[in-house]
Number of protein chains: 2
Amino acid sequence: MKSEPHKVFEQLLNSKGLKVTKQRNDILDYLLKAKKHVTPEDIYRDLNKKDANIGRATVFRTLHLLENAGFADKIQFADGRLAYEHKFARPHHDHMICVECSSVLEFSNATIEKIQEEISKKFMFKPLWHRHEIFGRCKKCNKMD
Amino acid sequence: MKSEPHKVFEQLLNSKGLKVTKQRNDILDYLLKAKKHVTPEDIYRDLNKKDANIGRATVFRTLHLLENAGFADKIQFADGRLAYEHKFARPHHDHMICVECSSVLEFSNATIEKIQEEISKKFMFKPLWHRHEIFGRCKKCNKMD
DNA sequence: TATATAATTGAGACTGATTCTCAATATCAT
DNA sequence: ATGATATTGAGAATCAGTCTCAATTATATA
């Protein structure tokens, strides 16, 4: 049986005349099962551990596909590395990122979102997405120094 | 006569046992005179147009120095490119970045800042800096399609 | 089911940004 | 002026991500 996200993904592919492939499904699977943000390199490495092989290019291509379709979000660590998470049944949220251990806490705040809307409107700016990341030290890392 | 920022920069260098060099001063100058965000490549290119030469490595090294000292801030365009701006006598602000033309609008909002503080406190997270970027289409680019 | 068409793939070359290495040079306290 | 030490630029190295292209695979339709 196919999971709901896979069905939705197939619909997207069909609607764009794109094909359903093993690689695309594997990457979506990986993302759905991951408990935290994963890097393209994580996906490449782990999927190649198992069966056959999957190219780096395909990993990037598929992540872009998922991102553009609104099925995945990316965050960027303090050193610039990118990581992705799926968005199925996960409401929008922003992140607090530990500069020591790269752990990520999620937050969301309706007031901030509303103010963003107002500011955009005032500047006649049409917002498409935003990134709100607070960098600092998590509870654990803060204790250690 | 030395500008205030240069004096402050020299103090920083002295306090860390670092040396005041022509290259460091030139880069700070460039940043101070720039009207908008500049990329490391802008700095490298323009400073080499004039006298002598300055290495790319030095540009990056100096930008990191300025950034860590809190004298410069960086933003990242939608395609990942980095750009810097100086922070002398410029209050904190965040950005709206046009995904079409990379133009940048600034905004700041005390309520958002305050909420961030509260959220951090709640999670025992010690905030060091944050990045709040709204990506979208500026007034001009929005009209064109 | 076989076939035709078009999308997809992985390998590896390529790119652009940034970092590293190291010998030559410049700064600064004395 | 001198010596100790930090800084420099050139170019090699690295790294993430993109591109190219010939071989492969998915899918619509006969």
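The basis for the numbers below is simple: all heavy atoms, side chains too, and nothing from hydrogens, waters or symmetry mates. What you see is a predicted model; the values in this text were computed from it and never measured. A note on names: the letters A, B, ... follow the listed sequences, proteins ahead of strands, and every chain is numbered from 1.
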Hey, which of these two, B:Val20 or B:Tyr44, hits DNA chain D nearer its 5' end, going by closest nucleotide? B:Val20

Any side-chain N or O of A:Asn53 less than 4.0 Å from the OP1 or OP2 oxygen of C:dA11? yes

Indicate whether OP1 or OP2 belonging to D:dG9 is found under 4.0 Å from a side-chain N or O atom of B:Gln23. yes

In whole angstrom, what separates B:Gln76's CD from C:dA17's P? 13 Å

Return the value, rounded to whole Å, for the distance between atom CG of B:Leu63 and atom P of C:dA17. 14 Å

Consider the side chain of A:Thr58, meaning its heavy atoms from C-beta on, and name the nucleotide among C:dG10, C:dT18, D:dG17 that approaches it most closely. C:dG10

Atom CG of B:Asn14 to atom C1' of D:dA6: distance rounded to whole Å? 13 Å

Value in whole Å for how far the P atom of D:dT7 lies from CG of B:Asp26: 16 Å

Test for a donor-acceptor pair under 3.5 Å between the base of D:dT25 and the side chain of A:Lys19, counting only N and O atoms. no

Side-chain N or O of A:Asn48 less than 4.0 angstrom from OP1 or OP2 on C:dG10? no

From C:dG12, C:dT18, D:dA16, pick the nucleotide closest to the side chain of B:Phe60? C:dT18

Taking atom C1' of C:dA26 as reference, at what distance in whole Å does atom CG of B:Asn25 sit? 14 Å

Rounded to the nearest Å, what distance is computed from the CZ atom of residue B:Phe77 to the C1' atom of nucleotide C:dG16? 16 Å

Would you say a side-chain N or O of B:Arg61 is under 4.0 Å from OP1 or OP2 of C:dT19? no

Which class fits the ring pair A:His132 and B:His132: parallel under 30°, tilted 30 to 60°, perpendicular over 60°? parallel

Angle class for the A:His64/A:Phe60 ring planes (parallel below 30°, perpendicular above 60°, tilted otherwise)? tilted

Hey, which sits more toward the 5' end of DNA chain C by its nearest nucleotide, B:His64 or B:Leu18? B:His64

Sugar-phosphate, base or nothing in reach of B:Gly17, heavy atoms under 4.0 Å: sugar-phosphate

Whole-Å gap separating P (D:dT8) and NZ (B:Lys22): 12 Å

As a quick check of understanding, evaluate side-chain contact (heavy atoms from CB on, under 4.5 Å) for B:His37 and B:Tyr84, giving each step before the final call. CA-CA 5 Å; B:His37 293 81; B:Tyr84 292 80; over 6 Å; no

Donor-acceptor pair under 3.5 Å, B:Arg56 side chain vs D:dG11 base: no

Plane angle bin for A:Trp129 and B:Phe135 - parallel if under 30°, tilted between 30 and 60°, otherwise perpendicular: parallel

Rounded distance in Å - CG (B:Leu47) to P (D:dG9): 10 Å

Residue whose nearest DNA chain D nucleotide is more 5′ - A:Gly80 or B:Thr21: B:Thr21

Between B:Glu106 and B:His92, is there a side-chain donor-acceptor contact under 3.5 Å, judged purely by atom types and distance? no

Taking any heavy-atom pair under 4.0 Å as a contact, classify A:Arg81: base, sugar-phosphate, or nothing. nothing

Centroid separation A:Phe123 to B:Phe107 less than 6.0 Å: no

